[in-house]
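Okay, so here's the structure we're looking at.
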2 protein chains.
Amino acid sequence: MIIIGEKINGSIPSVAQAIENRDEEHIRNLAKAQAEAGANYIDVCASVEDAVELETMKWLIDLVQSVTDLPIAIDSPNPRTCVECMQYCKKPGIINSVSGEGDKMEVVFPVIADTKWQVIALLSGNKGIPKSAKDRLDVFREIMDKASQYGIAPSRIHIDPLVEMLCTSEDGISMVEEVMHAIKEEYPDIHITGAVSNISFNLPKRKLVNQAFVVLAMKAGMDSAVLNPLDQNMMGMIYATEACLGIDEMCIEYITAYREGLFG
Amino acid sequence: MIIIGEKINGSIPSVAQAIENRDEEHIRNLAKAQAEAGANYIDVCASVEDAVELETMKWLIDLVQSVTDLPIAIDSPNPRTCVECMQYCKKPGIINSVSGEGDKMEVVFPVIADTKWQVIALLSGNKGIPKSAKDRLDVFREIMDKASQYGIAPSRIHIDPLVEMLCTSEDGISMVEEVMHAIKEEYPDIHITGAVSNISFNLPKRKLVNQAFVVLAMKAGMDSAVLNPLDQNMMGMIYATEACLGIDEMCIEYITAYREGLFG
């Protein structure tokens with residue numbers, strides 16, 4: 001499972017505060033803690049006004065790279081910010097994100113075409129988030145067509161089918177499961193990702209819902225996720241699920257992760 | 001999800017001690033706690049020498065019934081003990097268990113035939129636990145043939161496909177999933193159950209493995225389980241999974257269970 005650590009995000013009040021105060025220690029600690037907890041990428045999202053986004057992103061990325069060698073997931077709703085920030089990164093990471101909306105793909109794809117950068121692509125378009133599996137898969141095909149024009153291999157793409165809150169759903173996660181299955185069947189090498197915590201919006205004991213969702217999503221083909229690696233139960237649950245799914249023969253990884261203190 | 005509370009079992013050292021000392025309080029508390037935690041049945045297993053099994057079971061069953069109206073799951077490897085104990089029960093419960101081994105079905109099925117009693121049937125036979133899904137399904141068909149001879153409807157049968165420890169498996173739980181799918185497809189009204197904690201034998205942080213397994217098993221069709229209802233994370237995870245699976249529209253049950261303190 002590819003873990004994209006979500007903790008350095010200006011939409012989290014304590015991080016917003018740290019950004020405002022230019023509290024280097026706070027950011028460094030979050031980066032270090034996530035790296036030690038088993039993250040594979042550190043997501044960096046400034047969530048500030050456009051005028052100061054680039055300099056804030058640079059400040060955050062520099063801090064993260066001062067304490068860990070992990071690659072960065074550059075997280076901005078503005079694709080131009082995403083490509084600008086690539087120059088601050090010491091190694092190829094992930095652009096978070098493009099979608100079928102506006103010119104996002106046109107801005108990002110040519111820049112990452114001949115690189116090792118990966119990209120998260122959301123299945124939303126100019127009309128917002130499609131309601132049906134069929135319409136999301138239409139956006140998916142648009143994205144794959146465009147990616148193929150730029151020679152971006154499926155293995156560099158993380159599709160986010162868009163995890164929505166469970167509390168207003170009449171049939172649970174069946175639609176997202178359907179989308180995941182269809183995508184994996186068509187492109188076995190593609191990654192499927194998601195912003196896991198969206199599922200539990202407005203519900204009590206959100207961590208339990210997040211965990212149940214991740215287990216089911218992994219069964220449906222999810223192999224990448226934007227989540228909080230400091231939630232040790234979540235990390236343990238992911239290792240346990242890999243063992244149940246037969247990805248971790250004889251539970252070697254599960255036991256190793258436990259011994260390394262990644263959960264406990 | 002049908003929860004069969006597993007805590008009153010003489011193979012648990014503290015319960016063995018309570019049985020030896022005829023510690024009524026200990027047994028009553030375990031029954032009450034499991035009932036309050038959301039169990040639907042209270043499993044009662046003496047795990048003592050044959051000579052004293054019946055009287056011990058009666059003592060246990062009486063104590064449970066003195067504090068809760070929940071039906072009993074009569075748990076003994078001896079089918080004659082199971083049917084003898086039915087007379088101590090105020091209402092129909094579950095016989096735990098029969099299998100394809102020896103004369104178990106012949107002893108139990110005629111006695112429960114014209115009652116409302118249910119039965120757990122393990123997919124093992126005279127040669128032990130079959131290794132392949134195909135061989136377990138052969139035992140399953142034997143059981144269903146026999147049950148049908150006695151007019152026992154599938155809805156009164158809980159099939160335990162036999163959950164085995166994950167730590168020695170090369171392909172996770174795929175075989176058990178296959179068995180569950182095949183059974184549910186053939187008999188949509190049947191229950192699928194299992195002694196959940198077997199999955200995590202010999203692993204650290206067993207509760208996480210148990211939880212991941214339950215989520216995946218529910219996806220594969222499990223709707224009944226012998227487990228510890230005092231594990232609040234497990235109970236919350238079950239409610240969360242039902243919501244994800246679309247069994248609990250708009251998360252009403254999840255939210256209600258949370259408000260009632262069934263997890264928190």
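Letters A, B, ... are given to chains in the order of the sequence lines, protein chains preceding strands, and every chain is numbered from 1.
Dense packing is recorded around CG of B:Asn126, with more than 12 heavy atoms of other residues, nucleotides or ligands lying under 6.0 Å away. In A:Lys184, the NZ atom is crowded: over 12 heavy atoms of neighbouring residues, nucleotides or ligands sit closer than 6.0 Å.
There is no contact between A:Tyr239 and chain B, counting heavy-atom distances below 4.5 Å. When heavy atoms are compared at a cutoff of 4.5 Å, A:Glu177 approaches chain B solely by way of its side chain, counted from C-beta outward.
With chain A as partner, the option from B:Ile247, B:Leu245, B:Leu203 having the largest number of non-hydrogen pairs under 4.5 angstrom is B:Leu203. Interface summary for chain A: among B:Asn210, B:Thr168, B:Asn233, the most heavy-atom pairs under 4.5 angstrom belong to B:Asn233. When each of A:Val214, A:Leu166, A:Asp171 is checked for heavy-atom pairs under 4.5 Å with chain B, A:Leu166 comes out on top. Per-residue counts of heavy-atom pairs under 4.5 Å with chain B were compared for A:Val209, A:Asp248, A:Ile252; the largest is that of A:Val209. Interface remark: of the candidates A:Cys244, A:Gly246, A:Ser200, A:Ser169, A:Cys244 forms the most heavy-atom pairs closer than 4.5 Å to chain B. In terms of non-hydrogen atom pairs under 4.5 Å with chain A, the most contact-rich of B:Gly264, B:Ala212, B:Pro204 is B:Pro204.
Counting all heavy atoms, side chain and backbone alike, B:Lys219 lies closest to A:Leu216 at CB-CD2, 3.7 Å. Among all heavy-atom pairs drawn from A:Lys205 and B:Tyr258, the shortest one is CG-CE1, 3.7 Å. Of all heavy-atom pairs spanning A:Cys251 and B:Cys167, the tightest one is SG-CA, 3.7 Å.
Atom CE of A:Met234 sits about 11.5 Å away from atom CG of B:Leu208, to the nearest 0.5 Å. Atom CE of B:Met165 is separated from atom CE of A:Met250 by 11.0 Å, given to the nearest 0.5 angstrom.
No side-chain heavy atom of A:Thr241 sits under 4.5 Å from any side-chain heavy atom of B:Val215.
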